[in-house]
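Okay, so here's the structure we're looking at.
Side chains are part of it too, since the values below use all heavy atoms of this structure and drop only hydrogens, waters and symmetry mates. Below, chains carry the letters A, B, ... as their sequence lines are ordered, and counting in each starts from 1.
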2 protein chains.
Amino acid sequence: MKPQYAVGALSALAHPGRLEIFRLLVRAGPEGVAAGEIARATGSLANTLSANLSVLAGAGLIGSRREGRSIIYSAAYERMRELLAFLMEDCCGGNAEICAPLAAIAERAACCASSTMRSSGTA
Amino acid sequence: MKPQYAVGALSALAHPGRLEIFRLLVRAGPEGVAAGEIARATGSLANTLSANLSVLAGAGLIGSRREGRSIIYSAAYERMRELLAFLMEDCCGGNAEICAPLAAIAERAACCASSTMRSSGTA
DNA sequence: TCAATATTTCGAGAATTCTAGAATAGTCAA
DNA sequence: TTGACTATTCTAGAATTCTCGAAATATTGA
């Protein structure tokens, strides 16, 4: 990911309303949520919400599809992964021996820790 | 991590100069880098750099310590891990195949979480 | 076609952020 | 103390972002 795209993505998320929207979509999963339902869930005005969705979409963090009268928005998980990977690229100069002993601290951060799928070794 | 702190951290990173500084410090490891060296590496004016370092420190993303005439800045890896964990909290509604790669990234963020810096003003 | 629903676009004022020059403060050595 | 070095704070104008009312666009059903 290019730095300029990362700045765009971070700028998009650096806003209380947009961060709330994005996290709502991240929790909702790939099926997504209709704009109107997002407006209801966040208490936003329709035009303000639309502007914020537009910023998030412009940053590539969310996608959309029309379904009848509604437009369904969903998180762009791959883009999100790219952003997180960018932030910790070459962390500690790539010295794995420094990083390894402390990896256990973050175990609780795994969002699907109770699932059957393990995340070991996937980077 | 509270949403308002996440917004603060994301705002701090949503700036080309500050993102470059932060990534430089993430790569540098726990030992950190002197402000003057950061200025040289990024081509920033001293006062502009100082303002940007102040924003990053205020967001809790970096810490500092004095060493002689220099002030050494270093990444706050634990804070970084908290931010990444916050972004993917309750992600994907149980779809492990989506979450797994993200969780692996969050674990790597803990790689250097052994800092003993003072972190200024994050309350 | 007309009306209702769902969402986006336009416009402008308020608030915030960014940058650089100048001045200030802390540290060290002689 | 003086002087060199390192870094921060102050300040103001320029640029950008945020928000909401109003108007416009797109879709569906009668």
What are the atom names and distances for every N/O pair under 3.5 Å that joins the protein to nucleotides 22-27 of chain D?
{"residue": "D:dA22", "atom": "N6", "partner": "A:Asn47", "partner atom": "ND2", "Å": "3.3"}

Sugar-phosphate, base or nothing in reach of B:Ser50, heavy atoms under 4.0 Å: base
A:Ser44 backbone acceptor or donor facing A:Thr48 side chain under 3.5 Å: no
Chi angles and distances behind the side-chain contact (heavy atoms from CB on, under 4.5 Å) call for A:Leu56, A:Leu25: CA-CA 11 Å; A:Leu56 286 168; A:Leu25 293 177; 5.7 Å; no
Lys NZ or Arg CZ of A:Arg79 over A:Tyr5 ring: under 6.0 Å, within 45°: yes
Rounded distance in Å - CD1 (B:Ile72) to P (D:dT6): 12 Å
Presence of salt bridge, B:Arg65 and B:Glu67, under 4.0 angstrom: yes
From C:dA20, D:dA7, C:dT8, nucleotide with atom closest to A:Tyr73 side chain: C:dT8
Cationic N near anionic O, under 4.0 Å, A:Arg40 to A:Glu37: no
Side-chain heavy atoms of B:Leu10 within contact of B:Phe86, under 4.5 Å: no
Between the first and last five pairs of the helix from C:dT1-D:dA30 to C:dA30-D:dT1, the angle of the axes, rounded to 10 degrees: 30°
OP1 or OP2 of D:dA7 under 4.0 Å from side-chain N/O of B:Ser70: yes
Main-chain N/O of B:Ser50 paired with B:Ser54 side-chain donor or acceptor, under 3.5 Å: no
Length of the CG-P vector between A:Leu53 and C:dT8, whole Å: 6 Å
B:Arg18 side chain vs B:Glu20 backbone, donor-acceptor pair below 3.5 Å: no
Atom-to-atom span, CG of B:Leu19 to C1' of C:dC18 - whole angstrom: 16 Å
Atom-pair distance (CG on B:Leu49; C1' on C:dG21), nearest Å: 16 Å
Sugar-phosphate, base or nothing in reach of A:Thr48, heavy atoms under 4.0 Å: base
Close side-chain approach of B:Val7 and A:Leu13, heavy atoms under 4.5 Å: no
Residues within residues 37-46 of chain B bordering DNA chain D, heavy-atom distance below 4.0 Å: B:Ala46
Any donor-acceptor pair under 3.5 Å from B:Arg23 side chain to A:Asp90 backbone: no
Side-chain (A:Tyr77) to main-chain (A:Val26) donor-acceptor, under 3.5 angstrom: yes
